[in-house]
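Protein chains get the first letters and strands the later ones, always in sequence-line order, with residue 1 at the start of each. These numbers were taken from a predicted model, which means no experiment stands behind them.
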Amino acid sequence: MAVGITGYGVYVPRYRIKAEEIAKVWGADPEKIKHGLNITEKSVPGPDEDAATIAVEAARNAVSHAGINARDIGVIYVGSESHPYAVKPTATIVAEAIEATPNLTAADYEFACKAGTAGLQACMGVVGFGMMNYGMAIGTDTSQGAPGDALEYTAAAGGASFIIGNNGSEAIATIEGTCSFTTDTPDFWRREMRPYPRHGGRFTGKPAYFKHVLSATHALLRKLKLTPQDFAYAVFHQPNGKFPVQAAKELGFSKTQVAQGLLTPKIGNTYSAASMLGLASVLDIAKPNERILVVSYGSGAGSDAFSILTHDAIEKKRKNTVPISKYINQKEYVDYSTYAKYRGLLVK
Amino acid sequence: MSVARFWREIPSRYNLIGSKCGNCNKIMFPPRFICPYCRRTGKLEPYNLRKKGKIVSYTVVHAAANGFEEQAPYTLAIVELDDGPSVTTQITDCNHSEINIGDTVELVFRRMGQDGEDGVIYYGYKGRLLK
Amino acid sequence: MRDVAVIGVGLTKFGELWDVSFRELMLEAGVRALEDAGIDGRQLDAMYTGNMSAGQFINQEHVSSLVADHAGLVPIPATRVEAACASGGLALRHAIIAVASGLHDFVVASGIEKMTDIMTAGATGALATAADQEWEVYQGATFPGLYALMARRHMYEFGTTEEHLANVAVKNHENAFLNPCAQYHLKVSVEDVMNSSPVSLPLKLLDCSPITDGAACVILAPAEKARMFTDTPILVAGTGQASDHISLHSRTSLTGLNATVEAAKVAYKMAKVGPKDIDLAEVHDCFTIAEIMAIEDLGFCKKGDGGKMTAEGQTTLNSAKPINTSGGLKGKGHPVGATGIAQAVEIVSQLRGETGKRQINKADVGMTHNVGGSGGTAVIHIFRRAD
């Protein structure tokens, strides 16, 4: 049974740090970094924000956009690799804060940067099977990058929440199908009790990101008998501003198809939220009957590809959205020392 | 603070659940157990207050309360909610200089503190300027 | 109800008294009061002790019995009274009630706080427990923060300025300079206050009362027996107490304390006097804004004019309405549980004409005004010379 997207909501913290500001600290050439990664700045969570608070604001926005009673949500999955607790769920915090408790089930996902889309697929199953009327999938992160590491220029914060429901008139879009490509390819990891992740450098490219993103996309296109020309928009996981553009090119998508969903240059890599925020950005402006490709990627996890077709309700419900552009444009720059304080980099 | 003490106020801290008296229709926050207007003839029911209001007064706290040191200086305000009651709340994500009495704010979900590095995390409401 | 008189007063030095313990401090004030009254400890019938938080400051509860024990007063009834910073004033009120009722004749009202045995952060945290823990302190409220909220609103509604606030500190430091027991013998200027470091804006360091060790004691007797001990008994002409919402945000006004207004009404009525009849007052200036609101709420000026009245010098030692001749909480220091009693010590001493360089000319009727928390409690006493 096809399922629909009933509503969505996003959140991006207000603070930003420019690539130049980080480069200055490490004696790097900012122009090389900005060009090399196709980025300009990244979002920084405030000192009172974490993956849970970000998820809550996105989830509240999703509920208002969907126009449903939160108590009708039967399942909440929160995907993140920066859950505030090592042991103690985030999803219950979200469920409580949107007043969906207590008659629902919930779980946290931790599956690299595709934990959010993994939740999306699980919601498709639960709702499609008729177990629940609505499911909520959230991707949220306040991602970590070791000071001085290349990741520091991109590791950002943000969250997106999607409510999956039936495919009737209240759906703003149908999820036409999904395909995943999953292998054990360790290109990025963080060990237990370690504050920062490590990565395989250039190994994160061809055998990791590109292989999985391309394979999942090919599989989906084959399955649904679609070609890149059938899509108005394409959104790819975006660890930097360069990889998604290159992946699009190799798959035969144009820069125009990718532009609206490409947020990393302005807000950095929001990890579990990245592809979902890209999708939200597209939905913010999409017209009815437009097809959107969304492909996530998680290091050591794989890729999930989705084909989404918008409906008439997308325009009717638009007045209830808080568009991502609002969060992107309401920004305040911080210097590196404030950033270090907010991110808890100072040893006391 | 014990876990139970934090936990039992979660509905009010996360979702601004106050009280409404079925007798005099007054809305109260935080929740009360006896209506101060009707006393024992009052009929208090949980009431979900709207998370919007306006700043009645504010201060920039430099000498932080215990547990808030890392957030200093922070803005603390009294916000009169659209539903009537007032709350004491921080104003988050703001430049201290941009705040004025009368500004409208929404209450958002934020981290308030924690019971040490290995204790529970306290969440609750903070104001954010509506613009 | 019997008339009640003060027959003896005692006060310790106020300040950071590193070498003095809680018990020594209390005994010092007590012995001074007994000597002043010329009464023997064995004649005492009961004792009330105002103490906000020995539990938090020195990890010691049950201080009533501790004090009675070390004062050699057991087995007299010893009662601890707590209403945050109004604990002292409230202890005095209960002592007065005990004597007025006829239950006891000679009763000690004492107050004490030993605040420097913990670090400053601990002390400010302890003081913050006088605010609503769940809905104020949880949100990051501090005591200076709560009074700053009142100050900002007062500035907004009445045009009160930070300079007006500073004038309170300047005056009270001037008065404290003449008080040997005061914590500070340090004159400050408006500029000093304005340039002091921010605590909770608009309040700055010199707008705030300090953390202080100190104790105070008064001895009460039925008026008809007072002359057995003193030629200048001071009568308790009126007492009033009122409560208000513990949380500032629950109150109808941020620019005054309704508890003060209500307590004053009762005390004025009982004493059959009005604001004009008060020759001097010790008011609760835990922050400069608090004194401005107090002189308004007590009826010494119109609501909103407190800042102007202060800046125009109408509350100085030589003015028609001297406020806080002792230096107040600001200059003399604020050992919270002792403050309400120390205020009474100052008024009694002024009415007796015994305050030396800071003695005011006409002192027949005096008032004390003691506040708990951000205004959840107010206790007011009016004293009069017996002659």
Would you mind checking which part of [X] comes under 4.5 Å of any heavy atom in chain B, side chain (CB onward), backbone (N, CA, C, O), both or neither?
X       : answer
H245(C) : side chain
F143(C) : neither
A128(C) : neither
L149(C) : both

Which bit of [X] comes within less than 4.5 Å of chain C, counting heavy atoms only: side chain, backbone, both or neither?
X       : answer
A72(B)  : neither
V56(B)  : both
F6(B)   : side chain
Y125(B) : both
M1(B)   : side chain
V61(B)  : both
Y58(B)  : both

For [X], look at atom [atom1] and say whether over 12 heavy atoms of other residues, nucleotides or ligands are found less than 6.0 Å away.
X       : atom1 : answer
N25(B)  : CG    : yes
E157(C) : CD    : yes
K303(C) : NZ    : yes

What distance separates [X] [atom1] from [Y] [atom2], expressed to the nearest 0.5 Å?
X       : Y       : atom1 : atom2 : result
T59(B)  : R153(C) : OG1   : CZ    : 14.5 Å
Y74(B)  : Q139(C) : OH    : CD    : 10.5 Å
S12(B)  : Y138(C) : OG    : OH    : 11.0 Å
M155(C) : I101(B) : CE    : CD1   : 9.0 Å
Y156(C) : N100(B) : OH    : CG    : 9.0 Å
M150(C) : I78(B)  : CE    : CD1   : 8.0 Å

**Report entry** Residues in side-chain hydrogen bond (donor to acceptor under 3.5 Å, both in side chains) contact with E291(C), at least two apart in sequence or another chain
**Finding:** K171(C), N172(C), N324(C)
Query raised in the report: Residues two or more places apart in sequence or in another chain: which of them pass side-chain hydrogen bond (donor to acceptor under 3.5 Å, both in side chains) with T88(B)?
Result: H249(C)
Query - Test item: R13(B) side-chain N/O and E134(C) main-chain N/O as donor-acceptor pair under 3.5 Å - result: yes
Query raised in the report: Short question: side chain of T142(C), backbone of A65(B) - any donor-acceptor pair under 3.5 Å?
Result: no
Query - Top of G140(C), G145(C), G122(C), G125(C) for chain B proximity - count of heavy-atom pairs under 4.5 angstrom - result: G140(C)
**Report entry** Residues in residues 189-199 of chain C that sit under 4.5 Å from chain B, counting heavy atoms only
**Finding:** P198(C), V199(C)
Requested in this report: Among residues two or more places apart or on two chains, list those pairs meeting side chain to side chain donor-acceptor pair (under 3.5 Å) that have a residue in residues 115-131 of chain C.
Outcome: Q56(C)-T129(C), T116(C)-D213(C)
